[in-house]
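Okay, so here's the structure we're looking at.
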Amino acid sequence: MTPASLEQTRAAVKSIVREEWGRVLASLVGQLRDFALAEDVLQDAVVAALGHWPRDGVPARPRAWLLQTARRKAIDRLRRDANFQVKRAELAVLHEFDRQAGQDDVDETIADERLRLIFTCCHPALAEAARVALTLRTLGGLATEEIARAFLVPEATMVQRLTRAKRKIKTAGIPYEVPEPELWAERLGSVLSVIYLIFNEGYAATTGEAPTRGELCREAIRLGRILAQLVPGEPEAAGLLALMLLHDSRRVARSDAQGNLITLEQQDRTLWDRDLIAAGARLLEGALAQGSPGPYQIQAAISALHAQAPSYTATDWREITLLYGELYALQPSPVVRLNAAVALSFARGAEAALPTLADLERQGTLARYQPFHAAHADTLRRAGCKTAAANAYRQALALTRNAAERRFLEDRLGDVLG
Amino acid sequence: MKYMCLIYGDEAKHPQADTPEMGRLMQDYMAFTKDVQEKGVMVAGDPLEPVATATTVRVRGGKTETTDGPFAETKEQLGGYYILDCKDLDEAIAYAARIPTAAIGSIEVRPIMVFD
């Protein structure tokens with residue numbers, strides 16, 4: 001084989017591995033009941049694939065090949081284990097799976113295993129940062145080094161975070177099961193919030209030069225799509241996917257060539273991705289038709305109204321204000337109240353929103369929340385309160401880590417001072 | 001798997017002896033204990049005397065140092081424990097949530113170390 005075609009095969013192998021990682025790992029965890037071992041033997045199988053496939057060609061069913069190779073690696077490891085006697089039962093089970101090989105790589109079986117794995121990775125007994133990393137590693141198939149880069153932490157830190165999480169799953173007995181009905185709502189909520197957290201990390205990018213880190217957004221959408229397929233009866237899962245697609249439709253328009261953040265108001269709406277908007281709106285419609293609205297569906301509905309508005313001023317701010325009211329009834333958080341106030345400022349004028357914003361400032365819970373000061377500053381500016389606006393801009397700037405946003409706020413501060 | 005459920009509560013807010021609140025709390029604890037016994041989950045469990053009765057012992061340089069009080073002053077104090085044999089963490093969490101003090105204090109759930 002020529003070096004060029006060898007390179008091509010290697011690239012093909014990598015993309016297959018990435019695509020199949022989560023499915024095969026889910027299956028292995030289900031059979032081995034040991035997270036760390038499952039990951040180690042799958043890694044072994046991938047190394048074997050990188051050796052064999054370029055030489056012998058990619059097998060007809062790469063998933064089955066990876067699964068079987070990994071399982072045999074597991075059998076080897078368990079045999080070598082010092083506690084061979086203890087592991088006998090596990091070995092018997094593995095041999096049984098190996099005998100039936102060829103039946104366990106079917107989509108239905110894998111779907112169940114994957115759903116279990118999602119709930120394990122997003123278990124609330126794990127720290128939030130660990131849930132996010134574990135979900136990206138095990139379901140998304142991202143390399144540890146890629147996750148570390150995306151979250152701007154040293155690779156060693158990420159390795160440790162993942163190792164600790166896997167150790168806790170094992171020693172604390174975090175189950176590898178779909179939760180019982182009485183825990184279902186809470187646990188599904190945790191899964192949804194992990195996926196949305198991944199999306200937001202990419203979308204809002206609180207640190208670093210680039211205002212969006214598109215890879216995380218794409219990955220969150222991929223995970224959201226997997227989840228929505230696994231739990232078709234949960235409109236909030238579809239709602240979350242719709243919300244991410246609708247937000248993502250504006251990604252290109254959110255920053256200029258120099259990396260400056262562009263507010264919704266000033267975005268070039270012709271850059272918005274119409275296909276993503278249509279897909280998001282369609283999903284949302286299907287979700288709402290199930291008659292059980294929730295926070296993600298409501299947020300998606302708000303995002304859809306923005307996406308479908310011809311211009312910022314011609315946006316249906318009245319409807320958006322109402323939707324934020326509904327959201328506040330379900331999630332009475334100061335951040336939702338802030339967003340409701342901003343919508344009101346456009347529906348009925350900046351002055352109308354100032355009392356709520358002043359009240360939020362008095363309560364002080366958002367004192368360290370940069371978007372509060374940025375919105376407060378903007379509303380004060382529009383209401384003509386220049387001195388107060390300048391003050392709020394300075395507070396926002398003190399909390400801004402994103403370089404593009406810093407430039408934007410400095411410009412606005414210059415405007416109200418000038 | 002065996003889990004130790006460490007029961008933490010604010011002693012200052014604990015119901016006083018011979019009050020109806022204390023009577024209710026005792027009843028709730030008896031009902032919970034009976035339930036975990038009947039289900040075969042209960043391995044052990046005891047309430048502890050208040051931290052005012054605690055003594056902390058350290059051996060430094062071969063010398064035993066004895067001091068009055070708990071090892072650390074905290075807002076919530078260890079007041080008792082259960083050891084429960086559960087299928088997995090979710091089952092342990094479900095039982096821990098039903099320990100009466102969970103509604104006013106906190107339950108720390110820790111797996112008991114297994115040597116293999």
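Every chain is numbered from 1, with letters handed out A, B, ... down the list of sequences.
Atom CZ of B/R98 has more than 12 neighbouring heavy atoms from other residues, nucleotides or ligands inside a 6.0 Å radius. For B/E49, the CD atom counts as loosely surrounded, since its 6.0 Å shell holds 12 or fewer non-hydrogen atoms of other residues, nucleotides or ligands. Around CE of B/M26, the count of heavy atoms belonging to other residues, nucleotides or ligands within 6.0 Å does not exceed 12. By the neighbour-count criterion of 12 heavy atoms within 6.0 Å, atom CG of B/D18 is sparsely surrounded, having that number or fewer from other residues, nucleotides or ligands. Enclosure of atom CD in A/E186 by more than 12 non-hydrogen atoms of other residues, nucleotides or ligands within 6.0 angstrom is indicated.
Both the backbone and the side chain of A/I174 come within contact range of chain B, with heavy atoms under 4.5 Å apart. With a 4.5 angstrom heavy-atom cutoff, B/I93 touches chain A only via side-chain atoms.
Put simply, CG on B/D88 and OG1 on A/T120 are 10.0 Å apart, with the number rounded to the nearest 0.5 Å. Distance check, rounded to the nearest 0.5 Å: CZ of B/R110 to OG1 of A/T171 gives 10.5 Å.
Minimum interatomic distance between B/P111 and A/A172 (heavy atoms only, all atoms of both residues): CG-CA, 3.7 Å.
In summary, of the residues considered (A/E180, A/E177, A/H123), a side chain to side chain contact (heavy atoms under 4.5 Å, CB included) with B/D90 occurs for A/H123 alone.
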